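In the text below, chain A, chain B and the rest are named by the order of the sequence lines, each starting its count at 1. Quantities reported herein were computed from a predicted structural model and do not represent experimental measurements.
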Amino acid sequence: MIPGGGSYLDGLNDIQRQAVTNTEGPVLVVAGPGSGKTRVLTYRIAHIIEKGAAPWQILALTFTNKAAREMKERIEKVVGARANSVWAGTFHSIFARILRVEADKIGYPSNFTIYDSDDTKSLLSTIVKEMNLDKSVYNINTIRSRISSAKSNLITPRLYAENDELKTQDRMAKMPLVHEIYGKYTARCKRAGAMDFDDLLYRLYELLQSNPDNVIEKYRNKFKYVLVDEFQDTNHLQYSIVRKLVNYDKSLRNICVVGDDAQSIYAFRGATIQNILDFEEDFKKYNIKVFKLEQNYRSTEHIVQAANEVILNNRRQIQKKIWSDKGQGNKIKVIKAMTDNEEGKRVADTILEQKNRFHLGNSDIAILYRTNAQSRIFEEYLRRYNIHYRVFGGLSFYQRKEVKDMIAYLRLVVNQNDEEALRRVINFPKRGIGKTTIEKLSKIADATNQTMWECLPAVPASTRAKNSMGEFRKMIMSAKQRVDTANAYELATYVAKRSGLIDLMKADTSIEGMGRLENINALLDGINAFVEEDNLIDTESIPDKSLASYLQNIALLTDFDDKNNNGDFVTLMSVHSAKGLEFKSIYVVGLEENLFPSAMALDSKDGLDEERRLFYVAVTRAEQFLTLSFANSRYRFGKMRFNQASRFLEEIPPIHIESTGYIRSKSPANQAHQGARIVGNFKKPRTAQSSRLMVDPSTFKPNAPDEIQVGMKILHMKFGEGKVLSIDGGKDNRVATIFFQGVDNPERRIMLRFAKLQILN
DNA sequence: GTTGGTATCTGTGGA
DNA sequence: AGATACCAAC
């Protein structure tokens with residue numbers, strides 16, 4: 001393909017093309033929702049390759065594995081298999097890969113363990129316990145987030161201890177010793193050869209900062225082109241690393257960041273829009289180019305305009321006009337329900353109706369909620385209606401107990417100093433090593449600055465416990481000896497048997513027990529697939545099929561990364577995880593004060609703005625249909641709570657909202673009484689004709705749905721007289737095809753359960 | 001050390 | 001409501 005004349009450039013609009021072809025020097029792309037951002041990114045990379053750069057000189061950082069995978073697939077379509085050598089991945093996975101190579105330079109083993117948030121929490125709770133602190137005061141999650149944000153802002157335990165502001169905050173929260181916990185936590189992680197998610201970023205920064213053996217040179221020379229997706233969601237630490245890689249003396253500064261300030265939804269974990277402003281400032285003198293993608297190719301106008309109006313309520317934003325030429329489309333439908341249960345039913349009803357009426361497939365539809373706990377009721381009704389669905393973001397496969405147990409064994413084989421893994425399996429299956437022994441072990445380890453594993457032979461304990469620990473040690477060692485000769489799959493199978501896990505599970509013949517065994521087998525299959533899969537990322541490096549590499553890989557996977565995500569199902573997920581996705585029909589549910597916006601966000605303007613951006617993200621996922629719902633009451637924390645409708649509903653101008661179903665009122669209290677009876681009818685875009693009533697309501701007497709039969713002449717409120725041509729579907733789901741005279745599109749498919757039809761003969 | 005039952009706590013989002 | 005921590009009895 002000839003650069004500049006390639007066919008892949010033809011399908012781009014002017015601005016997109018400029019963003020793709022201006023490959024040299026710093027570029028900021030401000031990309032509104034549905035503006036073809038991924039296209040621009042992938043074509044840009046393809047273009048860079050077409051112009052002669054080697055794929056492995058390109059670094060593309062994303063937030064999710066999914067985004068990375070999608071990008072690679074799309075690059076591959078343009079440039080072929082070379083795409084596999086592009087360094088495209090999440091911040092965490094790319095950095096882990098680099099750290100694996102450079103680990104020794106910062107005092108880590110290359111087979112370091114990655115602690116997930118459970119490991120982090122469990123370690124923190126051990127530390128809090130050991131310090132004899134009250135854990136009802138020293139809330140683990142609070143501590144975790146304090147430490148996380150410290151790392152994200154390049155604050156070491158030492159700097160933390162010297163920071164008056166942070167310490168005052170801690171004192172006010174009645175936990176003055178957070179800095180000490182942070183210090184201990186960091187030391188324990190290091191001793192265990194473990195990095196938590198933040199460390200994957202922080203330790204890389206540290207490496208580039210201290211720069212032993214001028215290691216930074218290697219990566220600066222290697223990565224000639226750097227791209228960052230979802231730049232609005234990067235935190236200070238992430239940008240600091242990027243800056244280290246591209247902003248130095250002789251740098252070509254081929255850096256492209258893509259983002260949308262209006263879609264920044266991760267401030268709570270340290271992301272800052274400041275990065276976009278800083279970026280412009282940092283690269284101003286290097287002829288930075290800014291491109292704004294403002295045309296939305298995804299949604300119809302009512303949706304786009306409603307989103308625009310809502311986001312106007314936020315302060316501070318980059319000026320842009322998002323527009324669509326897809327026509328007005330459908331107005332937004334609002335469902336109000338009395339209870340959370342009714343909300344579930346009404347949403348499911350509407351989905352059913354929409355499927356029949358507009359021939360939508362399940363996969364065209366998504367239900368988005370603020371918190372994962374909301375999924376249950378929708379699941380119930382979808383199941384009842386026999387609509388296939390899939391819930392994302394719950395417990396991922398790798399978080400299941402039996403899978404974690406198995407993985408803990410593998411982690412221990414790879415890295416004996418991994419304390420969280422050791423704690424998890426030292427007495428599972430039960431081998432008589434109890435709490436007191438483990439506590440003793442932990443104390444001695446801490447006192448002698450060794451790991452628990454190292455203290456294992458020396459800890460005073462009962463003969464039985466001693467023997468057990470000896471056996472345990474032997475087992476891990478025997479597996480460890482095979483690390484070099486056996487591949488990851490063989491090794492894992494060996495461990496599964498030798499540890500007694502398999503036998504333990506086989507002994508349990510309950511349904512759940514068999515499920516657990518299945519999961520272990522699925523895990524083993526997964527390891528096998530990993531061994532056989534050809535995952536060359538870099539032509540320079542040999543594929544790494546070691547167990548350590550596998551473990552580091554899966555530590556960064558989430559629920560979304562399961563491969564079998566194709567099929568015709570309705571998608572249920574949190575709004576956060578829906579970012580980047582699009583569906584023909586979107587349901588945003590639970591639009592109530594204290595839920596969406598979340599109660600935690602209500603006390604600050606910043607928090608509220610972020611909630612509003614989150615709502616903006618939710619709304620802009622919709623291509624054609626947008627349905628918003630809320631319930632006046634819902635069960636939370638085991639108690640019934642009453643909430644008013646979300647303020648975001650009020651922020652949508654009424655002209656974008658379908659007139660039925662939702663009576664707008666300044667007094668939400670009144671709505672409760674009016675709302676319950678109003679049944680949702682999903683309407684096509686209204687033409688002048690179809691909105692006119694054909695029948696006098698006072699004389700109209702609808703018959704029961706099951707009385708309607710093929711061949712009957714019937715009367716419909718809006719379409720007038722019609723003849724029933726056929727009926728399909730059974731029981732509650734009967735859909736009639738009816739011919740109405742004098743209506744455009746005279747053949748209508750009507751769901752009998754909802755339609756009011758009067759039999760005429 | 002292990003088991004099972006009760007008390008207590010928690011409760012946004014995700015790599 | 002559900003998960004987890006804690007405690008008493010075996």
TODO: State which residues pass salt bridge (Lys or Arg N to Asp or Glu O under 4.0 Å) with A:E420; sequence neighbours excluded, sorted by chain then number.
DONE: none
Task: Opening and closing nucleotides of DNA chain C in contact with chain A, under 4.0 Å to non-hydrogen atoms - done: C:dA5 to C:dC6
Open item on the list: Restricting to side chain to side chain donor-acceptor pair (under 3.5 Å), what partner residues turn up for A:D116, sequence neighbours left out?
Closed with: A:K404
TODO: State whether the number of non-hydrogen atoms from other residues, nucleotides or ligands found under 6.0 Å of A:K174 atom NZ is greater than 12.
DONE: no
Open item on the list: At a heavy-atom distance below 4.0 Å, what parts of residues 418-434 of chain A sit against DNA chain B?
Closed with: A:N427, A:K430, A:G432, A:G434
Task: Between B:dG1 (P) and A:N467 (CG): distance, integer Å - done: 13 Å
Open item on the list: So, applying ring pair (Phe, Tyr, Trp, His ring centres under 6.0 Å) with A:H576, which one of A:F268, A:F615, A:F596 is it?
Closed with: A:F268
Open item on the list: Applying salt bridge (Lys or Arg N to Asp or Glu O under 4.0 Å), can you list everything that pairs with A:E439, at least two apart in sequence or on another chain?
Closed with: none
Task: side chain to side chain donor-acceptor pair (under 3.5 Å) involving A:S93 - partner list, sequence neighbours excluded - done: A:T90
Open item on the list: I'd like to check the salt bridge (Lys or Arg N to Asp or Glu O under 4.0 Å) partners of A:K401; sequence neighbours left out, ordered by chain and number.
Closed with: A:D405
Open item on the list: Ring centres under 6.0 Å, that's the criterion: do A:Y239 and A:F231 meet it?
Closed with: yes
- [ ] Quick one: label A:Y635 by what it contacts on the DNA or RNA (base, sugar-phosphate, nothing), any heavy atom closer than 4.0 Å.
- [x] nothing
Under 3.5 Å, which protein N or O atoms sit close to an N or O of nucleotides 5-11 of chain B? Give each pair with its distance.
{"residue": "B:dG11", "atom": "OP1", "partner": "A:N141", "partner atom": "ND2", "Å": "2.5"}

TODO: Starting at atom CG of A:N235, determine the distance to atom P of B:dG14, rounded to an integer number of angstrom.
DONE: 17 Å
- [ ] Verify the stacking flag for A:F268 against B:dG13: centroid separation must be under 5.5 angstrom and the ring planes must differ by under 30 degrees.
- [x] yes
Task: Whole-Å distance separating the CG atom of A:D198 from the P atom of B:dG13 - done: 18 Å
Task: Set of residues satisfying ring-ring contact (aromatic ring centres under 6.0 Å, His included) with respect to A:Y369, sequence neighbours excluded - done: none
Task: Proximity to the side chain of A:T436 - top-ranked nucleotide from B:dG13, B:dG14, B:dG1 - done: B:dG1
TODO: Output all residues satisfying side chain to side chain donor-acceptor pair (under 3.5 Å) with A:E130, sequence neighbours left out; order by chain, then residue number.
DONE: A:R188, A:S442
TODO: Please work out if A:S117 contacts a base, only the sugar-phosphate, or nothing of the nucleic acid, heavy-atom cut-off 4.0 Å.
DONE: base
Task: Atom-to-atom span, CG of A:L556 to C1' of B:dG14 - whole angstrom - done: 12 Å
Open item on the list: If you go through the side-chain atoms of A:R269, does one of them form a donor-acceptor pair with the base of B:dG14 closer than 3.5 Å?
Closed with: yes
Task: A:L614 CG to B:dG13 P, straight-line distance once rounded to whole Å - done: 11 Å
Open item on the list: Both A:R376 and A:K435 contact DNA chain C. Which one's nearest nucleotide lies toward the 5' end?
Closed with: A:R376
Open item on the list: Rounding to an integer number of Å, can you tell me how far A:L595 CG sits from B:dG13 P?
Closed with: 11 Å
Open item on the list: What contact category does A:Y266 fall into here, base, sugar-phosphate, or nothing, at under 4.0 angstrom with non-hydrogen atoms?
Closed with: sugar-phosphate
Task: A:T234: partners by side chain to side chain donor-acceptor pair (under 3.5 Å), with sequence neighbours left out - done: A:N275
- [ ] Map A:T371 and A:F197 onto DNA chain B by nearest heavy atom, then report which one ends up closer to the 5' terminus.
- [x] A:T371
- [ ] Could you tell me the separation between the CZ atom of A:R612 and the C1' atom of B:dG13, rounded to a whole number of Å?
- [x] 19 Å
TODO: Could you tell me which residues satisfy salt bridge (Lys or Arg N to Asp or Glu O under 4.0 Å) with A:R636, sequence neighbours excluded, listed by chain and number?
DONE: none
TODO: Send over the distance from A:E611 CD to B:dG13 P, rounded to a whole Å.
DONE: 11 Å
Task: A:S577 vs B:dG14: side-chain N/O to OP1/OP2 distance below 4.0 Å - done: yes
